[in-house]
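Counting begins at 1 with the first residue of the sequence. Every number for a ligand or one of its atoms is a count from 1 in the order of the listing.
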Amino acid sequence: MSSYIIKGGNKLTGTVKISGSKNAALPIIAACILNKGITTLYNVPNIQDTQMMYEIIKILGGKVQKKKNKIIIDTSTIEKYEIPDILMHKMRSSVIIVGAIIGKYKTATFTYPGGCDIGARPIDLHLKAFEKLGITITQNYGTITCNAEKITGSKIDLDFPSVGATENAILASVLAEGKTIITNAAREPEIIDLQNFLNKMGAKIKGAGTDEIEIEGTKKLKEISYNIMPDRIETGTFLCLAAITGGKIELEKTNPNHLTPVISKLEEAGNKIEIKKETIKIEAPKKLKAIDIKTMPYPGFPTDMQSIMASTFSIAKGTTIIVENIFENRYKYVQELNKMGAKITVEGKSAIIRGTRKLYGANVKATDLRGGAALVLAAMAAKGTTIIENIEYILRGYEELDEKIRQLGGNIEITKLI
Ligand code: EPZ
């Protein structure tokens, strides 16, 4: 396992280029399976989660080539339809590839992805959507097998606007016979990117970004190339790195429209923010003012920014209240932050963050991807040195995070010795 060694206290200043979106790239890599042939993807983040998806494609018999700034995926040689248990457990979001395999081959075998560090994360909504499309699901001892003579378009009413269930329902219905309508669909920008990718391939989808999505089944898709949208959570992470260190950063190659709630909260806290088409400039105040946050499905405040904001506002003036409405166990990072002098108490879904003057370096452990990112922010602002263990969690979702922080004047190194 690797660790970060961070010496805090530097104000981060300068320019950073935002990478492609992890949460857009994963379903789009899966969607390549729907067309037997070559797909070329640009702006795919080079992170462990995309690497994991390439491994699954290769285990199914496909080929993946990484060139300088593009990924070439050849699915013409896929001949297996079972996702290995180890990969299902290593990466929960691999469940997204199931919809594509079933959609193309009408059969798939996989195991329950199981809970992870932020909650039980069941897949009941995914399975219910598959059944509505005429897919038979059999389960025994955690292994799930899906089969269908043919996939028939249907109306799918989601109990909750689940991002993954929305994406899997789309993937399973692109090549179906007839029309599928998904109601109470998730509205995240990553779903719009998936729709744009699939329509470029020849699919007939409309409504992504709203709560009702319509998919007209089609027979033939074609070989394309596609440019993945920027990562909105990495964008929010760098905005908060400026805010917590009292710095001034210009973020390039991003899309400000994807994180309006985060930008308005940071402005409310006293940050000066200037947005253009693909850039955001942020200048932090001497002292952040406390705010209140409730995480909600998009376009509400994103749950993936919850821990990062908790960390940022641990040194604000006043008390910040955060309510986490999406995942039931997304505060594991709090005990680690408190080792650094944060004053955070968790009451059920709420975290009460009493702003403190200073954080102090400590030895802490990443508990999950965004909880780990929260520790990086705290360490950048803390007095002294922090060692963050288990950074593999962080490497799953952030491309060259330490390199980008060093370029902004941060003192961060990776070591495998601790
Ligand atoms: C996606 O996860 C993202 N991951 C998550 O980002 C993000 O936090 C989440 O959406 C919410 O925005 C990817 O896109 C790869 P959900 P997903 O299905 O699809 C419950 C990150 O840090 N639920 O919208 O798994 C579920 O338990 C990651 O980049 C069911 O009950 O999220 C949760 O409480 C973390 N049954 C809520 O819905 C189901 O069948 C939202 O989950 C599915 C979900």
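Residues in residues 145-174 take part in these salt bridge (charged side-chain N to carboxylate O under 4.0 Å, His left out) pairs, two or more places apart or across chains: Lys128-Asp159, Lys150-Glu177, Lys155-Asp157.
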**Check against side chain to side chain donor-acceptor pair (under 3.5 Å), Glu250 and Thr15** = CA-CA 5 Å; Glu250 177 162 2; Thr15 303; 4.6 Å; no

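Partners of Lys80 according to the side chain to side chain donor-acceptor pair (under 3.5 Å) rule, which considers only residues two or more places apart in sequence or in another chain, do not exist here. Listed by chain and number, the residues in a side chain to side chain donor-acceptor pair (under 3.5 Å) with Asn363 amount to none (sequence neighbours excluded).
Of all non-hydrogen atoms in Glu214 and Ile181, the two that sit nearest each other are CG-CG1, 4.1 Å.
Contact shell of ligand 1 (protein heavy atoms, cutoff 4.0 Å): Lys22, Asn23, Leu26, Arg92, Ser93, Ile118, Arg121, Pro122, Ile123, Asp124, Leu125, His126, Phe160, Ser162, Val163, Gly164, Glu188, Thr303, Asp304, Ile326, Phe327, Arg330, Leu369, Arg370.
A salt bridge does not link Glu413 with Lys7: every distance from a Lys NZ or Arg NE/NH1/NH2 to an Asp or Glu carboxylate oxygen is 4.0 Å or more.
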